[in-house]
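Below is one structure, written out as C-alpha cells; comments come after it.
Lettering of chains follows the sequences in order, A, B, ..., and the numbering in each one begins at 1.
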Protein chains: 2
Amino acid sequence: MTDGVAERSRPRDRILETAQDMFHKHGIKGVGVDAITEAAGTNKMTLYRHFESKDDLVIECLRATAAKASRIWDEFEARHPGDKLAQLHAWVQKASELLSVDSRGCDMANAAVELTEADHPARRVIKELKEAQREKLVALCRDAGIGQAELLADTLSLLLEGARVSMQSVGAEGPSAQFVRMAESLIASFRAR
Amino acid sequence: MTDGVAERSRPRDRILETAQDMFHKHGIKGVGVDAITEAAGTNKMTLYRHFESKDDLVIECLRATAAKASRIWDEFEARHPGDKLAQLHAWVQKASELLSVDSRGCDMANAAVELTEADHPARRVIKELKEAQREKLVALCRDAGIGQAELLADTLSLLLEGARVSMQSVGAEGPSAQFVRMAESLIASFRAR
DNA sequence: CTAGGGTGTTACCGGTCTGTAACTTTTAGA
DNA sequence: TCTAAAAGTTACAGACCGGTAACACCCTAG
C-alpha cells in the first residue's frame with residue numbers, strides 16, 4: 001500500500017510533506033506519529049532521527065507551509081511587476097481560490113486553536129509567521145498607494161481569517177461566500193478616501 | 001482541593017459548567033473526562049450516568065454556550081427596546097468587550113477546528129447554532145433599516161470570527177485591536193448607501 | 001423507619017499515544 | 001569492492017484515554 005505522497009524522495013522530505021498534509025486535514029492532535037510515518041512509507045525511528053519530537057515536527061511543518069505561502073507572494077510580483085494595486089487584487093483572487101478549494105482553513109490559525117498551552121513551543125513560531133504575513137500585506141497596501149494601509153491590511157486579514165474559520169463551522173455557503181465582494185468593495189472604499 | 005466552579009449544585013450542572021470552562025480554556029481534545037469530573041468535584045461514573053459519551057457532553061456544552069449568547073441578545077432588546085440600530089451598536093460594543101476579556105475565541109468555531117471528522121455528531125449542532133446566530137444578526141441589520149442587511153451581517157460576522165481567531169495566533173495587539181473601528185465604519189458606510 | 005434512587009469509590013478493560021533501545025538491512029560514496 | 005552512514009524492524013516502556021462493572025453509601029420521599 002504505497003502512499004501517493006512523494007513517491008521516492010528522502011525520508012525526511014516525505015515525512016515533512018505527509019505530516020503537513022495530515023495535520024492540515026485531521027488536526028495536530030488528531031493524527032499520531034505512527035500514522036504519519038506509515039503514510040509516508042517509513043517508520044517511527046526514522047522520524048525521530050530527523051525531528052526531536054512531534055512538537056518539533058509541527059513547527060517544521062508550519063515553517064514549510066509559510067514558505068509555500070511566501071512563494072505565492074513572489075508569483076504576485078512576477079505576474080504584476082511593479083503594479084502593487086494589481087498584486088493586491090491578485091491577493092484577493094488567490095484568497096478566494098483558497099476558500100473554494102480547501103475547507104480546512106489556515107494551518108497556523110488552526111494550530112493556535114489546538115495548542116492551547118501558553119508556552120507551547122509552536123506558539124511563538126505561529127506568532128512570528130503571522131506577523132510576517134501581516135507586514136507583507138501592510139507593505140502591499142501602502143505601496144499600492146492606500147492611505148490607511150495598516151487599517152485596510154488588518155481588515156482584509158480579519159476578513160480572510162474569519163472566512164477560513166467560518167467555512168469550517170458552517171461550510172462554503174455561509175458568510176465566507178461573500179468574501180471577494182467584501183474585500184473588493186473595501187479596497188475601493190479605501191482608495192476613494 | 002475543592003474547585004471554584006458551582007460549589008454546591010447538582011452534579012450534572014457542575015459537570016456541565018466545569019466542562020464548558022475547561023473545553024473553552026484547553027480545547028476539547030486537550031481535556032479528559034477524568035480532569036473534568038475531578039474539577040467538578042465528582043467522578044467519572046456520575047458523568048456517564050448523565051451523558052451518553054464525551055461527544056454528548058461536548059454537544060450539551062455547545063448548546064449551553066449558545067444559550068448564554070442568546071441571553072445577551074435579550075439584553076440588547078431590553079436595553080434599547082425597539083431601537084434596532086442602537087442594538088446593532090451594542091452588538092459591536094459587546095463583541096469588543098469579548099475580545100478584550102477573553103482570548104480563546106468562539107467555542108463553536110474552535111470545536112469546528114478541533115473536530116475534523118466530517119460526520120462528527122457535534123458538527124451539525126455547530127452548524128445549526130452558527131446559522132441561527134447568523135439569522136439573528138441579519139434580522140437585526142434588516143430591522144435597523146440597512147439595505148444590504150445580509151452582506152453587512154456576513155461582513156461583521158467574518159470580522160468578529162477573524163478577530164477571535166486572530167487573537168489566538170498573534171494576540172490582542174494584532175489586527176483584532178481595530179475591530180470596533182472596522183465594524184463602526186462598516187455600519188456607517190452601509191447606512192450611507 | 002424504610003425503601004430506593006442518586007451518588008461515590010475502586011478497579012479494571014482495551015486501545016492509543018509519544019518516545020526509545022537494540023538490532024538488521026539497505027544504500028551510497030570513496 | 002569495502003565501508004560507514006542512513007534507514008528499516010521489532011519490541012517495548014510509561015502514560016493517558018474513553019468507557020464500564022460491581023459495590024458501598026447517603027439522603028430523602030413515602
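- When the C1' atom of dT20(C) is taken as reference, atom CG of N43(A) falls 13 Å away, rounded to whole Å.
- Regarding contacts with the backbone of dG8(C), a side-chain N or O of T42(B) is found under 4.0 angstrom from either OP1 or OP2.
- Distance, L47(B) CG to dG8(C) P: 11 Å, rounded to whole Å.
- One atom, CG of D56(A), and another, C1' of dT18(C), lie 14 Å apart when rounded to the nearest Å.
- I15(A) has its CD1 atom 14 Å from the P atom of dT18(C), to the nearest Å.
- For the 3.5 Å distance criterion, the side chains of T155(B) and Q178(A) fail to qualify, holding no donor opposite an acceptor.
- To the nearest angstrom, C1' of dG19(C) lies 14 Å from CG of L57(A).
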- Message: Assess the residue pair S70(A) and K136(A) against the criterion (side-chain hydrogen bond (donor to acceptor under 3.5 Å, both in side chains)); give the C-alpha distance rounded to whole Å, side-chain angles, the decisive distance to 0.1 Å, and a yes or no.
- Response: CA-CA 10 Å; S70(A) 195; K136(A) 276 195 178 181; 2.8 Å; yes
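- With sequence neighbours left out, the salt bridge (charged side-chain N to carboxylate O under 4.0 Å, His left out) criterion links D102(B) to no other residue.
- Taking side-chain N and O atoms only, H50(A) has a distance below 4.0 Å to OP1 or OP2 of dA7(D).
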- Could you walk me through whether N43(B) and E38(B) pass side-chain hydrogen bond (donor to acceptor under 3.5 Å, both in side chains), step by step? CA-CA 6 Å; N43(B) 54 74; E38(B) 188 188 335; over 6 Å; no
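- At whole-Å resolution of the value, CG in L115(A) and P in dT18(C) are 13 Å apart.
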- Task: Take S103(A) and Q168(A) through the test side-chain hydrogen bond (donor to acceptor under 3.5 Å, both in side chains) and record every step on the way to the result.
- Result: CA-CA 6 Å; S103(A) 63; Q168(A) 298 183 66; over 6 Å; no
- Task: Scan nucleotides 13-30 of chain D nucleotide by nucleotide, 5' to 3', and note B when protein non-hydrogen atoms come under 4.0 Å of the base, S if they reach only the sugar-phosphate, - if neither.
- Result: -----BBBBB--------
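- Annotation: salt bridge (Lys or Arg N to Asp or Glu O under 4.0 Å) contacts involving residues 181-193 of chain A, sequence neighbours excluded, are absent.
- Taking atom CZ of residue R10(A) and atom P of nucleotide dT27(C), one finds them 14 Å apart after rounding to whole Å.
- Distances shorter than 4.0 Å separate some side-chain N or O of T46(A) from OP1 or OP2 on dG8(D).
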